[in-house]
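First comes the structure, then the notes that go with it.
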Number of protein chains: 2
Amino acid sequence: MGRTYSIRQLTKEMGVTSRTLRHYEDEGLLTPERQGLARIYSQRDRARLQLILRGRRVGFSLAEIREILDLYNSEDHGVAQFQHSRKKFAERIVALEAQRKDIDESIAELKLALARADNFLAEHHAEQNPPRVKMTGYSVMPAAE
Amino acid sequence: MGRTYSIRQLTKEMGVTSRTLRHYEDEGLLTPERQGLARIYSQRDRARLQLILRGRRVGFSLAEIREILDLYNSEDHGVAQFQHSRKKFAERIVALEAQRKDIDESIAELKLALARADNFLAEHHAEQNPPRVKMTGYSVMPAAE
DNA sequence: GCCTCCGTTTACGCGAACGTCAAGAAGAGT
DNA sequence: ACTCTTCTTGACGTTCGCGTAAACGGAGGC
């Protein structure tokens, strides 16, 4: 339960540098305890770090991530605060769903490009790759609009 | 068919500044023709720009986008080139699918947070928002692991 | 002729997210 | 006591993706 982590342990586990963790601390995203000078990271710090890193992977800025984290464990749990949080969460969800659409479209396009490459290779290397439907005259650029 | 666009038209249509278009040109992502000094963008330029902007939205760097665009309309259409392209496309697809997973998880978490906010608001404002299942003691931070 | 757009190039600036020294503290092992 | 290793705090450097002047070039309208 009360498991703690040194900075080195956390960097190895999460695949980031210690500089990154200190930077997140400077930015107010993490607030590990201290034992003398050394930082002691709690489970909670670890969980927050996971959220931070995933946020980063989906394109959030550190400022945006901090805002979300602040909403999560705000001290003020009044009605106004929850209304504000609700709105912010809803906005983020909408943005993420739009981004998901972009990703799906990108994947679809790349799969098309991959299929074209496979087809070319099947035609020019017929006994190695299983041959597929013959395609000719496909455009190099995806169609506009 | 042979429709062309001025820089201003394109910026308005795509919601970017002219500086951005010139920057993309500096980076080799766009190569509009010239009429004297003025840039003349073709349909193909427009299509490429759409790809660039979508790539940006999903988090690609301009260098990565350039690489993909280069794969799309490489002049060398030999077997080796197609094999290389195929591999690159496959890598991108894998990365995008991982990113999609991150996004789905983020959405799920935000929806949970939103539901908690709704619940709180329902409890403390019972006649305005339709009441929901009573929840108590929910944690402020999502579970670790 | 002059104004007003729309366009151009050159080039310095900037915020974000760290990287990369430099210099030292603090404990663990021999 | 000495060396390792891991940690610390500055603080300057770097890359990316443009923003932001500054200074100038045509083309069209009055």
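Looking only at distances, no side-chain donor or acceptor of A:Thr20 sits under 3.5 Å from a matching main-chain atom of A:Val16.
Counting heavy atoms from C-beta outward, B:Leu51 and B:Ile65 have side chains that stay 4.5 Å or more apart. Counting heavy atoms from C-beta on, the side chains of B:Val58 and A:Glu105 never come closer than 4.5 Å.
As a whole-Å value, the separation of A:Asp26 CG from D:dA11 P is 12 Å. What separates CD of B:Glu33 from P of C:dG7 is a distance of 17 Å, to the nearest Å. Straight-line distance from the CD atom of B:Gln9 to the P atom of C:dG7: 8 Å, rounded to whole Å. We find that CZ of A:Arg34 is positioned 14 Å from C1' of C:dA26, with the value rounded to whole Å. Separating the CG atom of B:Leu10 from the P atom of C:dC6 is a distance of 16 Å, rounded to the nearest angstrom. Here the P atom of nucleotide C:dA26 and the CD1 atom of A:Ile7 are 17 Å apart, to the nearest Å. Atom CD of A:Glu64 and atom C1' of C:dG15 are 14 Å apart (whole Å). Summarising the geometry, the separation between OH on B:Tyr41 and C1' on C:dC6 is reported as 13 Å, rounded to the nearest angstrom.
For A:Arg66, no side-chain nitrogen or oxygen approaches OP1 or OP2 of C:dA17 to under 4.0 Å. Dashed line: the shortest gap from a side-chain N or O of B:Arg39 to OP1 or OP2 of C:dT8 is under 4.0 Å.
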(message) Strictly under 4.0 angstrom, non-hydrogen atoms only: write out the protein contact profile of nucleotides 13-18 of chain D, one letter per nucleotide from the 5' end, B, S or -.
(response) ----BB
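Salt-bridge annotation for B:Glu97 and A:Lys111: present, with a side-chain N of the basic residue lying under 4.0 Å from a carboxylate O of the acidic one. Looking at A:Glu25 and A:Arg34, a side-chain N of the basic residue comes within less than 4.0 Å of a carboxylate O on the acidic one, giving a salt bridge.
Residues B:Arg39 and B:Tyr5 have side chains that never bring a donor and an acceptor to within less than 3.5 angstrom of each other. No side-chain donor from either of B:Tyr41 and B:Arg48 sits under 3.5 Å from a side-chain acceptor of the other.
Here the rule is side-chain contact (heavy atoms from CB on, under 4.5 Å) with A:Phe60, and of A:Glu67, A:Arg92, A:Arg66, A:Arg54 only A:Arg92 fits it.
At a threshold of 4.0 angstrom between heavy atoms, the contacts of A:Ser18 with the nucleic acid are absent.
Closest to the side chain of B:Arg8, from the set C:dC6, C:dT8, D:dC7, is C:dC6.
Taking five base pairs at each end of the helix from C:dG1-D:dC30 to C:dT30-D:dA1 and finding the rotation axis that steps the C1' atoms of four pairs onto the next four gives two axes whose angle is 10°, to the nearest 10°.
Aromatic ring pairs are classed by plane angle as parallel below 30°, tilted from 30° to 60° and perpendicular above 60°; the pair A:Tyr72 and A:Phe89 is tilted.
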